[in-house]
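Computed from a predicted structure; not experimentally measured.
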Amino acid sequence: QWQKENRAERGLALGNEAYEEHRYEDAARYLGRYVGVYTDNIPALLKYADSQLKTRPQRENNVQQAIGTYHIVLREDPANSEAAKRLIGLYLEWGMAGQAESIAKKHLETTKSSEVRRLLAMALAGQRKFDEAVAELKSIVADEPNQVLACEALGQLAEQLPGQFSDPPEHWYDEAIKNNPSTALAYIARAGFHLKRKDNANAYADLEKAEKLDLSDTAVRLRLAVELLNAGASDRAEKHLAAVKETEPTDQVLWRTGAQLALRTRSQAKMLEVAESGL
């Protein structure tokens with residue numbers, strides 16, 4: 001028993017060290033020794049699951065280990081929104097919308113997370129329960145007008161299911177900006193909608209507005225870079241990627257977007273730079 005506990009404690013120390021150094025395969029191996037013995041340490045369980053998901057190359061077993069771990073976290077702490085959001089997201093990514101709906105509904109019995117409500121709507125839409133999905137998204141927007149992603153989801157559903165909506169898709173993107181005129185994400189979302197419609201003039205106008213607003217959220221700045229790249233503004237996209245690289249150099253979306261940019265420039269030097277830096 002002493003050896004087992006000592007090995008587990010050693011695994012926690014080595015696992016935390018590897019996690020901080022972004023050595024995720026090692027982190028998963030060492031933390032696995034700890035969480036195999038102690039299943040009530042929520043931070044360690046979350047790090048273990050995250051390490052499994054960030055291990056590259058990723059295998060199905062990594063994802064299954066993460067899914068199992070998030071279930072353990074939610075049994076120990078049903079109100080843990082981080083575990084709920086990640087587990088629902090994994091189920092949606094794997095096309096398991098029924099399981100995603102079940103987890104979301106159970107979690108919403110203990111908390112009223114707007115993000116979990118939005119994921120529930122996505123799970124409902126994934127099962128073609130469109131009336132329920134639309135009702136949930138409209139309820140989110142009514143309760144919390146600052147939920148830009150809920151407005152965007154309504155806009156996307158309005159494009160797919162025009163018969164379900166009295167308003168055109170652009171209404172929901174306009175609503176997001178009307179309710180959040182100082183939020184960059186609202187303009188970025190509408191720019192993406194304009195780009196799909198080949199309306200480059202309005203897309204550029206929205207992207208320019210977004211660039212003047214707060215971009216401290218890495219995910220928002222990366223999305224801006226993606227839409228600028230889609231709009232053909234590679235130089236402007238590259239500047240935002242450089243800004244993210246300064247603060248979050250290990251973000252994998254950063255390197256995937258950088259790779260897309262390098263490929264579009266057809267510059268072998270830039271391709272090599274992105275590949276080597278990313279690795």
Side-chain angles (χ1 to χ4, degrees), residues 74 78-93 97 100-162 164-197 202-203 205-207 209-227 253:
L74 290 173
N80 193 300
S81 289
E82 181 182 353
K85 287 186 288 189
R86 294 196 177 192
L87 181 56
I88 296 164
L90 284 171
Y91 278 140
L92 288 174
E93 187 178 328
E101 178 190 357
S102 176
I103 295 297
K105 284 184 172 178
K106 187 171 183 180
H107 184 68
L108 289 170
E109 293 173 2
T110 60
T111 181
K112 296 300 178 186
S113 165
S114 57
E115 179 62 11
V116 173
R117 291 176 67 192
R118 186 183 69 82
L119 291 171
L120 170 60
M122 296 299 97
L124 292 167
Q127 300 171 83
R128 304 189 68 79
K129 299 177 182 179
F130 296 120
D131 289 342
E132 292 178 61
V134 170
E136 185 66 42
L137 289 168
K138 286 183 176 179
S139 176
I140 295 170
V141 174
D143 293 342
E144 299 182 64
N146 65 327
Q147 294 299 313
V148 172
L149 293 178
C151 280
E152 181 182 31
L154 282 166
Q156 291 169 342
L157 284 174
E159 287 183 81
Q160 298 170 30
L161 308 162
Q164 298 277 113
F165 292 83
S166 57
D167 297 304
E170 51 265 33
H171 165 78
W172 296 104
Y173 296 97
D174 294 342
E175 277 292 295
I177 290 173
K178 176 185 171 185
N179 295 330
N180 305 277
S182 300
T183 302
L185 182 59
Y187 293 96
I188 297 168
R190 192 170 69 175
F193 169 73
H194 287 316
L195 286 171
K196 284 191 291 184
R197 293 284 182 96
N202 279 319
D206 279 340
L207 291 171
K209 288 177 183 175
E211 285 186 296
K212 296 173 183 175
L213 298 172
D214 178 20
L215 294 171
S216 56
D217 186 326
T218 297
V220 172
R221 190 184 284 273
L222 282 172
R223 184 160 175 193
L224 173 60
V226 169
E227 296 300 352
V253 178

Heavy-atom neighbours of Lys196 NZ exceed 12 at 6.0 Å: yes

Could you report the tightest heavy-atom contact between [X] and [Y], atom names first, then the distance?
| X | Y | value |
| --- | --- | --- |
| Ala79 | Thr110 | CA-OG1, 3.7 Å |
| Val148 | Ala176 | CG1-CB, 4.4 Å |
| Ser114 | Glu144 | CB-OE2, 3.1 Å |
| Pro169 | Phe193 | CB-CE1, 3.9 Å |

Looking at [Y], is its backbone amide N or carbonyl O close enough to the side chain of [X] to form a donor-acceptor pair, meaning the two atoms are under 3.5 Å apart?
| X | Y | result |
| --- | --- | --- |
| Tyr187 | Ser182 | no |
| Thr111 | Leu108 | no |
| Thr183 | Ala186 | no |

Hey, could you give me the [atom1]/[atom2] distance between [X] and [Y], rounded to the nearest 0.5 Å?
| X | Y | atom1 | atom2 | value |
| --- | --- | --- | --- | --- |
| Ile188 | Arg223 | CD1 | CZ | 7.0 Å |
| Ile88 | Leu120 | CD1 | CG | 7.5 Å |
| Asp206 | Leu224 | CG | CG | 11.0 Å |
| Ile140 | Lys112 | CD1 | NZ | 11.5 Å |
| Leu137 | Phe130 | CG | CZ | 12.0 Å |
| Lys106 | Ile103 | NZ | CD1 | 7.0 Å |

Can you check whether [X] reaches [Y] side chain to side chain, under 4.5 Å on heavy atoms?
| X | Y | result |
| --- | --- | --- |
| Lys85 | Asn80 | no |
| Gln156 | Glu152 | yes |
| Arg118 | Gln147 | no |
| Arg86 | Glu82 | yes |

Quick test of your reading: applying side-chain hydrogen bond (donor to acceptor under 3.5 Å, both in side chains), list the pairs with at least one residue in residues 168-180, sequence neighbours left out, ordered by first then second residue. Asp174-Arg190

Test side chain to side chain contact (heavy atoms under 4.5 Å, CB included) applied to Leu149 and Leu185, step by step: CA-CA 8 Å; Leu149 293 178; Leu185 182 59; 4.0 Å; yes

Mind checking side chain to side chain donor-acceptor pair (under 3.5 Å) for Asn146 and listing every partner two or more places apart, or none if nothing turns up? none

Can you sort out the partners of Glu227 under salt bridge (charged side-chain N to carboxylate O under 4.0 Å, His left out), two or more places apart, ordered by chain and number? none

Any Lys/Arg nitrogen of Arg117 or Asp143 sitting under 4.0 Å from an Asp/Glu carboxylate oxygen of the other? yes

